[in-house]
Amino acid sequence: MQKYLMAALLVLACLVGIGTTFSVVNKHAAENAPETDTGPSLKLEASNFKFDQAEYKVKAGESVKVSLNIKEGIHAVAIEGTPVKLDKQNNKQDVVFDKPGKYTIMCTLPCGPGHADMKSTLIVE
C-alpha cells in the first residue's frame, strides 16, 4: 500500500513540476513576444549610461507608442517638455508629439557614475 502511495505522490509531484515549468515558459514567451501593434513607434533601449541611439525621430501630430527596453542596469526615462515618463513597470505609453522641435531624453533614476551623461535627443519633425 505504501509503495502505491509513494508512486502516486511521485507522479503528482512530477505533474506539478511540469505544470510549473510550462507556466514559467509561457509567461517568458508572452513577455518576449513581438508587439502586434501597428503604427509609429519610438523604441528607447537603455543600457549602462547610454541609449541605443544618439537621436530618435518622429513626425509631429502622429500618435506614437513610446516604449522602454532596459538591456542593462536600472533606468527610468523622461522626455523633457512632454508627458513621457517610463520605467520598468510602466514601460509603454501612447503619446502625440504636437510641436516640432528637439527634446532631451534622459535617465531620471540615478543609475551610477555615468548617469549625468545618459541623454539622447528626440527630434519631432
Side-chain angles (χ1 to χ4, degrees):
M1 177 74 172
Q2 285 182 343
K3 188 177 4 174
Y4 293 116
L5 182 59
M6 290 302 287
L9 287 175
L10 179 62
V11 168
L12 180 63
C14 289
L15 290 174
V16 168
I18 290 170
T20 302
T21 300
F22 282 119
S23 173
V24 170
V25 168
N26 286 338
K27 180 180 177 189
H28 189 298
E31 288 173 352
N32 293 320
E35 290 187 28
T36 57
D37 294 334
T38 58
S41 65
L42 172 61
K43 297 179 181 182
L44 307 172
E45 190 170 287
S47 58
N48 283 338
F49 321 124
K50 64 182 178 180
F51 293 100
D52 63 322
Q53 297 180 40
E55 291 182 346
Y56 301 88
K57 293 183 181 182
V58 298
K59 292 184 180 180
E62 287 187 338
S63 180
V64 178
K65 180 173 285 300
V66 182
S67 62
L68 172 64
N69 182 24
I70 301 172
K71 291 294 247 184
E72 180 180 49
I74 300 172
H75 306 284
V77 173
I79 302 176
E80 286 185 336
T82 74
V84 176
K85 291 183 177 20
L86 303 171
D87 58 30
K88 186 176 181 178
Q89 282 73 35
N90 300 303
N91 63 350
K92 293 179 186 154
Q93 187 174 346
D94 290 320
V95 68
V96 175
F97 297 100
D98 291 325
K99 297 179 184 177
K102 290 186 177 185
Y103 300 85
T104 301
I105 302 169
M106 62 189 153
C107 180
T108 57
L109 183 65
C111 57
H115 170 72
D117 297 322
M118 190 170 171
K119 294 181 182 176
S120 187
T121 301
L122 172 64
I123 299 172
V124 179
E125 301 174 322

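From a predicted model like this one, the values you see are computed outputs, not experimental measurements.
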(request) Search all heavy atoms of His115 against all heavy atoms of Cys107 and return the closest pair with its distance. (result) CE1-O, 3.0 Å
(message) Could you measure the distance from the CE atom of Met118 to the CD1 atom of Ile105? Nearest 0.5 Å is fine.
(response) 10.5 Å
(message) To check you understand the geometry: which heavy-atom pair defines the closest contact between Asp52 and Lys43, and what is its length?
(response) OD1-O, 4.3 Å
(request) Determine yes or no for a side-chain-to-main-chain donor-acceptor pair under 3.5 angstrom, with Ser41 supplying the side chain and Lys65 the backbone. (result) no
(message) Donor-acceptor pair, distance only, cut-off 3.5 Å: does the side chain of Glu80 make one with the backbone of Met106?
(response) no
(request) Compare every heavy atom of Lys71 with every heavy atom of Ser47, then report the nearest pair and how far apart it is. (result) CB-CB, 4.4 Å
(message) How long is the straight-line distance from CG of Leu44 back to CG of Leu86, given to the nearest 0.5 Å?
(response) 7.0 Å
(message) With a 4.5 Å cut-off on side-chain heavy atoms, are Lys59 and Pro40 touching?
(response) no
(message) Donor-acceptor pair, distance only, cut-off 3.5 Å: does the side chain of Thr121 make one with the backbone of Thr104?
(response) no
(request) Answer yes or no: does atom CD1 of Ile74 have more than 12 heavy-atom neighbours from other residues, nucleotides or ligands under 6.0 Å? (result) no
(request) Can you measure from CD1 (Ile70) to CD (Glu72) and round to the nearest 0.5 angstrom? (result) 11.5 Å
(request) Can you measure from CG (Leu42) to NZ (Lys57) and round to the nearest 0.5 angstrom? (result) 13.0 Å
(message) Within the structure provided, determine whether Phe51 and Val77 are in side-chain contact (heavy-atom separation under 4.5 Å).
(response) yes
(message) What I'd like to find out is whether the side chain of Val66 reaches to under 4.5 Å of the side chain of Phe97, using heavy atoms alone.
(response) yes
(message) For a 4.5 angstrom cut-off between non-hydrogen side-chain atoms, does Pro113 reach Phe49?
(response) yes
(request) Examine Tyr56 and Val95 and state if one hydrophobic cluster contains both, with Ile, Leu, Val, Met, Phe, Trp and Tyr joined whenever side-chain heavy atoms are less than 4.5 Å apart. (result) yes
(request) Check Val96 against Asp98 and note the closest heavy-atom contact, atom names and distance. (result) CG1-OD1, 3.2 Å
(request) Answer whether the closest heavy-atom distance between the side chains of Asn48 and His75 falls below 4.5 Å. (result) yes
